[in-house]
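First the proteins, then the strands, lettered A, B, ... as listed; each starts at 1.
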2 protein chains.
Amino acid sequence: MGWGDLGAFGEPSKETPNLDRMAAEGMLFLDFYTASPLCSPSRAALLTGRLPVRNGFYTTNGHARNAYTPQDIVGGIPDSELLLPELLKKAGYINKIIGKWHLGHRPQFHPLKHGFDEWFGSPNCHFGPYDNRERPNIPVYRDWEMIGRYYEDFKIDLKTGEANLTQLYLQEALDFISKQQASQQPFFLYWAIDATHAPVYASKRFLGTSQRGLYGDAVREIDDSVGKILNHLQKLGISENTFVFFTSDNGAALISAPKQGGSNGPFLCGKQTTFEGGMREPAIAWWPGRIPAGGVSHQLGNVMDLFSTSLSLAGLQPPSDRQIDGIDLLPVILQGQLIDRPIFYYRGNELMAVRAGLYKAHYWTWSNSWEEHSKGIDFCPGQSVSGVTTHTQEEHTYLPLLFHLGRDPGEKFPLSFASEEYQRALEHISGLVQQHKATLVPGQPQLNVCDQAVMNWSPPGCEKLGKCLKVPESDPKKCSWPH
Amino acid sequence: MGWGDLGAFGEPSKETPNLDRMAAEGMLFLDFYTASPLCSPSRAALLTGRLPVRNGFYTTNGHARNAYTPQDIVGGIPDSELLLPELLKKAGYINKIIGKWHLGHRPQFHPLKHGFDEWFGSPNCHFGPYDNRERPNIPVYRDWEMIGRYYEDFKIDLKTGEANLTQLYLQEALDFISKQQASQQPFFLYWAIDATHAPVYASKRFLGTSQRGLYGDAVREIDDSVGKILNHLQKLGISENTFVFFTSDNGAALISAPKQGGSNGPFLCGKQTTFEGGMREPAIAWWPGRIPAGGVSHQLGNVMDLFSTSLSLAGLQPPSDRQIDGIDLLPVILQGQLIDRPIFYYRGNELMAVRAGLYKAHYWTWSNSWEEHSKGIDFCPGQSVSGVTTHTQEEHTYLPLLFHLGRDPGEKFPLSFASEEYQRALEHISGLVQQHKATLVPGQPQLNVCDQAVMNWSPPGCEKLGKCLKVPESDPKKCSWPH
């Protein structure tokens, strides 16, 4: 989902009354970012409070390449990383993940080994259907064991776009909340649905209801579901005791637009890129009685802040033995403070850009290669800014491209290198970059090696279902990451 | 001002609390249009309820050229046109225009000869300063006579961007409203300020207050002024008796971006073009106690509707002896109806595009010429859609380009000519076009002839001020309209 996909953020169809209401009752973040322009690294960053380059969710197979956790990935979230639910346990929280995990699918990476108490969802995306020979269909887990596979037991009709998954995920959320309220036990619910990812789907009731086509139907179903979750919290009388945050893990995938991709509003390009369209996200905080209604914040925020903020809410300290990139947003949310902090835009192993205040410096620019572009893979359809949306990896380390995101949110007009404004802004950002790089200890890259043998052939529980598939011989090789 | 310039429409700085409040208390129109991608024709259309091609505000000097009323224009609003204030007089309304008239500046075109009772403002834009030899500085009128000139008596500091004009226009509006309330006489106030037009200015209090630079300062001053006007109506106890509508006369001038031009949000191109960025506008209706708060309408609306709607509010019928293009929006605003009607996108004498429902058909495409483009004149900076943002006038009459504006508000993905959807949508639109063209009686074009002698050399009142300039010899010629 992209920054421009919600009515509250200017989507012209304005079809998200529940999320718009959430914003009107809570706080809208206009300058909120993911930690990566791709899903797995962003989600790893959210749960660890650390940049992907620290927590290992990146690749060194190529320079500045986006990588994630396809079925043949060997790596996953390292045991050495401390995840939010692991820490929340110390304060008595019950933790549940509903939806896409995406931090590795081999046994050691299972979410219940990393602090979650319950899981209903899938380890990866829902691409398919596969033939279960070359590649298995993705399993759906309930806690430790799989209970079926996408396309087989959990239908997705690619022709009509119908699938019931968001409804299943919604019901699971409502039930979990009810259960926790009944047992009066504090809870952390990570509602990590995969809807709006291609192939896009919606359940029957929503199909054809949006001006925006199937993608809009999916957005409407998410909107409706969030509304139901918020209403449920209110009905149970625990809304004033529950902090809710809505955001996304990367910008809208313009490569799939218009039928399967959304909108990044006025911003440049989309998912896979380190332009604003790739990493600036819709974000809303909601906590009736605590967050003043109708708040708007220009705090530079990041999904990693949800780690630190959640710990703070639970009265816990973040780990002191490692670098945490997230910051505690409570002073921002509850007292309207603005905390000075930069945003780092990484693509794989490269720091592509940095934002400080309203200035953004690009040290590297790249949309995708000419080769990929010539195949019709376009991360910036209809957009082309000379020297900026480059199709070769362009280094600007010694003379970064600078933009003023207030005057020019669309990154179309680089500041003149000769201007005093450029000099002043660059000097400030250079200091931040130097400091960042000097202390950076990159994690062991987890997304380098792929192997057919590690795919979801025979996940735990497959025997009971008669759904175990034959595991092929191990043949590890470097994963190929073209973007 | 463009569609994307207000917080309520997704401008990422969200600096327009008053207009956002106006929207929250009133009704937001998301699909509202001007009648032309340029100022004069739009304003003529607003006041006559008729397309520029009917009321004469177009040129035949070239094909599909935007034209307006510079100082040397010979034409202006014909006497045969019936303007909104002329009609409102019949219902006892006192009519005032504050700001830019732009419908011609020769004596016969004076707003007080066309139904207005009072005027404070200028006949044209505020380009300058001029040397009063080649070209006079633009006069400012109070009613029948000039009271000074831009840059001389009404300062605009191009270096600092400071000018007090919006404050003068605001005070004039507040005073007029107070006077009308005191005398209990119904009024029509056409608050047609020129702020956000280049050269952009703001008064001292607003300079440097926006994240968006000088342009944002100007937007903030407008926002603040609108807030003061609405508060004034409420303080005087007449807000439940006053219909207020906010909109703009063309999309943001991206050619002046980022310092002097605004944002058209997710839409394609800007002012001067018939893409959505050129003609879709922010629009808000406000009428406490009558318009339900927080309303959102997808009615296809047009500035010409303000003519018909205002007449309806005053209990008057629109003229029956001529084609009126505006429709009465009261059923939309008060009862939430949706009225099926097309939007015609003209550029000068050519019907470039038509929208019906969510479909838009382009019969002609053009941004500007290669020649102009090579001079750096770019109406679509950073945007380029192959075969759409063309630099030659491309005719698509026999196979129009079709877009679905719900799925693709940015006009980036033309529908496949072979698709059933294309056939069905085109058939519908073709019928509308046929009907429109069959009954169209073009007005006498007013924007063809230019003459140095008609400039604002010696407007009425200049003697008293000692500001009469020598009128050069008449030398009428065809005006040059490159866009």
Side-chain angles (χ1 to χ4, degrees), chain A residues 2-4 6-15 17 20-21 24 28 30-31 210-216 254 257-268 276 280 294 296-298 357-358 378 380-386 388-389 403-413 415, chain B residues 2-4 6-15 17 20-21 24 28 30-31 210-216 254 257-268 276 280 294 296-298 357-358 378 380-386 388-389 403-413 415:
Chain A
W3 192 93
L6 307 185
F9 287 81
E11 201 290 313
S13 300
K14 214 170 172 59
E15 294 178 330
D20 295 0
R21 174 173 72 89
L28 195 67
L30 295 159
D31 301 74
S210 166
Q211 286 192 5
R212 305 178 67 198
L214 182 57
Y215 184 89
L254 300 186
K259 289 197 179 163
Q260 308 248 332
S263 166
N264 299 313
F267 298 123
L268 189 62
E276 291 299 286
R280 211 196 285 206
V296 170
S297 180
H298 283 291
L358 287 167
D378 192 348
C380 318
Q383 297 181 315
S384 168
V385 182
S386 175
V388 179
T389 54
F403 294 91
H404 184 282
L405 294 179
R407 296 195 302 267
D408 177 24
E411 294 167 283
K412 294 192 170 82
F413 308 98
L415 298 188
Chain B
W3 192 94
L6 307 185
F9 288 81
E11 201 289 313
S13 300
K14 213 171 172 62
E15 294 179 330
D20 295 358
R21 174 174 71 91
L28 195 67
L30 295 160
D31 300 74
S210 167
Q211 287 193 4
R212 305 178 67 198
L214 183 55
Y215 184 90
L254 300 186
K259 289 197 178 163
Q260 309 248 332
S263 166
N264 300 312
F267 298 123
L268 188 62
E276 291 299 285
R280 211 196 284 206
V296 170
S297 179
H298 283 290
L358 287 167
D378 192 347
C380 318
Q383 298 181 315
S384 167
V385 183
S386 174
V388 180
T389 54
F403 293 92
H404 184 282
L405 294 179
R407 295 195 301 268
D408 176 25
E411 295 168 282
K412 293 193 171 82
F413 308 98
L415 298 188

Exercise for the section: Sort out for me which of A:G410, A:S384, A:G213 touches chain B most, counting heavy-atom pairs under 4.5 Å. Expected result: A:S384

Handout entry: Pick from A:G7, A:S263, A:A257 with the largest number of heavy-atom pairs that fall under 4.5 Å of chain B
Key = A:A257

Handout entry: Options B:S13, B:G4, B:C380, ranked by heavy-atom pairs under 4.5 Å with chain A, top entry
Key = B:S13

Exercise for the section: Could you have a look at B:L358, B:V385, B:V388, B:T389 and say which one has the most heavy-atom pairs with chain A under 4.5 angstrom? Expected result: B:L358

Problem - Under 4.5 Å from any heavy atom of chain B - which part of A:F413 - result: side chain

Problem - Value rounded to 0.5 Å, distance of NZ in B:K259 from NE2 in A:H404 - result: 10.0 Å

Practice task
Can you measure from CG (A:D31) to CD (B:Q211) and round to the nearest 0.5 angstrom?
Solution key: 6.5 Å

Practice task
Measure distances from A:P381 to the heavy atoms of chain B and classify the residue's part below 4.5 Å as side chain, backbone, both or neither.
Solution key: both

Exercise for the section: Would you mind telling me which of B:L405, B:L6, B:L30 has the largest number of heavy-atom pairs within less than 4.5 Å of chain A? Expected result: B:L30

Fill in the blank from the handout: Scored by heavy-atom pairs under 4.5 Å with chain B, the best of A:F267, A:F9, A:W3 is A:W3

Problem - Within-4.5 Å side-chain heavy-atom neighbours: B:E276 and A:P12 - result: no

Problem - Residue among B:H298, B:Q383, B:E411, B:K412 with most heavy-atom pairs under 4.5 Å to chain A - result: B:H298

Handout entry: Greatest number of heavy atom pairs closer than 4.5 Å to chain A - which of B:P409, B:G10, B:G382
Key = B:G382

Practice task
Select one option (side chain, backbone, both, neither) describing which atoms of A:L214 are under 4.5 Å from chain B's heavy atoms.
Solution key: neither

Exercise for the section: Determine the option with the most heavy-atom pairs under 4.5 angstrom with chain B, choosing from A:R212, A:E11, A:R280. Expected result: A:R212

Exercise for the section: Measure the shortest side-chain to side-chain distance between B:K14 and A:L28 over non-hydrogen atoms and say whether it is less than 4.5 angstrom. Expected result: yes

